[in-house]
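The sequence lines fix the lettering, A, B, ..., with proteins before strands; numbering per chain opens at 1. Please read all numbers here as calculations on a predicted model, not as lab measurements.
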Amino acid sequence: MLPYTAEILAALAAQLNGALWPLHLGLLLLTALAVLHAWRPVSGGDRAIGILLACGWGWVAWIWFWRGMAPLDFLAPIYAGLFVLQAVLLLAFALAGRLAFRLHEAAFPMLGLGLLALAAVGLPLFGFLTGRSLSQLEVIWLAPTPSAVATLGLLFLVHQPPRILFAVPCAWALIGGALAWTLGMPAPLLGSVALLAGGGLAVLRR
Amino acid sequence: MTIVRATFDRRAFLAVTAAAGSLATLGLPARSAPAAVGMRPIPSSGEPIPVVGMGTWITFNVGGDAELRNQRAEVMRRFFALGGGMIDSSPMYGSSEAVIGYGLERLQGQGVGTDGLFSATKVWTRMFANGQEQMAESRRLWGVRRFDLMQIHNLVDWETHLPALKADREAGRIRYLGITTSHGRRHQEFADLMAREPLDFVQFTYNILDREAERRLLPLAADRGQAVIVNRPFRTGGLFDRFAGYPLPDFAAEIGAETWAQFLLKFVLAHPAVTCVIPATRRVDHVEENMRAMDGPLPDAYLRRRMIAYVESL
Ligand SMILES: NC(=O)c1ccc[n+]([C@@H]2O[C@H](COP(=O)([O-])OP(=O)(O)OC[C@H]3O[C@@H](n4cnc5c(N)ncnc54)[C@H](OP(=O)(O)O)[C@@H]3O)[C@@H](O)[C@H]2O)c1
């Protein structure tokens, strides 16, 4: 049994949103620039996006799990560790030049764009429609599930993405999905299903 | 049966001490039951404590949200106003201890009396945590100089904590010492410790559907003179989900139970070995309802059987 309720997570999201606004707009803009780069690549862009993606996971580990959740849940540092692991993996592949964001060479570009739209707009909207107020919405690069979905979306824009990069998002899908199910939170649950479906597809397809 | 609601002056020792003998009586006599007095004595000292306390698992884990913290402080205000005493928490409950501390400070700042507080928390050392450091942190979070009761949470690392807590009690750093479990876990080991260790308190789960404690733990506590704190009296709210759609039986009126909460709490409190029950809530109206379980008569053995039969028929 979890030591907190959905109401408390909503309050946490509201607290973080209130403290960080309008950083959200900057983060959305960066995500849009990443997509733009995948469409019309610029020199150095791949590495920069990979590093920023790694920073995104590190940031979520810090702001959501460590600062936000750790006082509420003794398991939060473990989840933070998972997100740091993904940050390290992303950084390693970015620095090794293994992440080439190419819309026209990716295997499932439309799926990637769809997941990005789901993460940036669909999940917050679904959260709103299922009872969260605007200030309580869980958004990308702040809350874990939308961030993981957005990452999956970006990885689907990569030409032959390393499969290991899908492992942590899938693991989070299971954990986050179980938490969302237990707490009765429809939006993160939908995000987790999308993560599992997307991650499963990436892993199964060679 | 005549009903007495005791005054909550802890120093004005209550006549309930006289009932201590009957508390030790384990078999519930055919048509007699303990009076629904508001306080019962801690067997090891005779000090009376209110029979309805308050738990804080989930309900007080609200993090730093100011509005939610203030709401919980209101719950505490009502709790104290209605004669509440024991507040139970644990380092495992996330921000609950900090929120209790916030509430106490806020109430004290507003001149609200919190003298009735019987502070009960736990030591719960996971992931290499140090027990002494953790207890010091709990004191800081609550804003208390010492805890009335320190319990070993779910028996975690009890081999280390028990000798340390005995020394703490000896030195007056804590007033009472106890152990906890729940959900029927580790009852054998729990009972072994109850049988051989000088514990003041034991805490475990007991409610109208989870009655395993009746077989061993409750009789043993009475036999050993250990105070019993009952946790999960509503199965963490599950009993409301299960019974809420049904009316209370007619005979609930005989014990003055107007709501399911009172019905369920009175069932627990009617067991003679129980010292105190600690329902958790986020709501002022619910704390009021729960505290009213201290009023009116308690069911006798016959009525308790009818209560069980009724809920099991739902
Ligand atoms: N191993 C251990 O040491 C251990 C284990 C379990 C529990 N405990 C302790 O025991 C305490 C109590 O157990 P618990 O928290 O699991 O559950 P509980 O007290 O059995 O149930 C709490 C639930 O009941 C609801 N409730 C309370 N009063 C109500 C009323 N009058 N009408 C309707 N609903 C009501 C609350 O919802 P609302 O907020 O809506 O009122 C809450 O969801 C814990 O908080 C904790 O301090 C200790």
Side-chain angles (χ1 to χ4, degrees), chain A residues 1-21 60-85 127 131-138 142-144 175-176 178-185 188, chain B residues 55-72 75 88-102 121-129 134 137-138 140-141 153-154 156 182-185 205 210 231-232 234-238 241 280-283 286:
Chain A
M1 175 163 283
L2 296 170
Y4 52 86
T5 58
E7 173 201 32
I8 302 307
L9 281 193
L12 172 65
Q15 250 181 309
L16 293 179
N17 283 333
L20 297 171
W21 177 260
V60 171
W62 163 249
I63 193 75
W64 184 270
F65 289 115
W66 193 261
R67 291 291 305 274
M69 289 293 297
L72 302 174
D73 184 356
F74 57 88
L75 290 177
I78 296 175
Y79 306 149
L82 205 59
F83 272 59
V84 168
L85 173 66
R132 289 276 179 104
S133 70
L134 274 181
S135 66
Q136 295 170 336
L137 296 183
E138 293 186 23
L142 193 65
I175 297 169
L179 298 180
W181 176 265
T182 310
L183 295 173
M185 300 196 308
Chain B
T56 57
W57 161 248
I58 302 178
T59 52
F60 270 58
N61 186 13
V62 303
D65 187 277
E67 195 183 325
L68 293 173
R69 280 182 165 222
N70 289 340
Q71 279 174 13
R72 298 314 183 263
V75 169
D88 174 81
S89 195
S90 166
M92 191 193 131
Y93 300 171
S95 58
S96 295
E97 291 192 300
V99 173
I100 294 168
Y102 172 85
T121 196
K122 303 175 194 117
V123 56
W124 179 78
T125 47
R126 275 274 165 90
M127 300 181 201
F128 318 111
Q134 189 180 69
E137 175 65 0
S138 293
R140 188 187 69 75
L141 291 170
H153 197 150
N154 287 351
V156 172
S182 62
H183 301 73
R185 278 188 295 239
T205 298
D210 302 308
N231 65 36
R232 304 183 74 239
F234 304 138
R235 246 191 205 177
T236 317
D241 299 339
T281 181
R282 298 159 300 168
R283 292 175 44 169
H286 283 174

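Interface remark: A:Met69 contributes no atoms to any contact with chain B (heavy atom separation under 4.5 Å). Heavy-atom distances place the side chain of B:Thr236, and not its backbone, under 4.5 Å from chain A.
Put simply, CG on A:Asp73 and OH on B:Tyr93 are 14.0 Å apart, with the number rounded to the nearest 0.5 Å.
Taking B:Arg140 as the reference, B:Glu137 meet the salt bridge (Lys or Arg N to Asp or Glu O under 4.0 Å) condition, with sequence neighbours excluded.
Contact annotation for residues 60-70 of chain B against chain A (heavy-atom separation below 4.5 Å, listed by residue number): B:Asn61, B:Val62, B:Gly63, B:Gly64, B:Asp65, B:Leu68.
Of all heavy-atom pairs spanning A:Phe74 and B:Met92, the tightest one is CE2-CG, 3.6 Å.
Chain B forms the most heavy-atom pairs under 4.5 Å with one residue out of A:Ile8, A:Leu72, A:Thr5, and that residue is A:Leu72.
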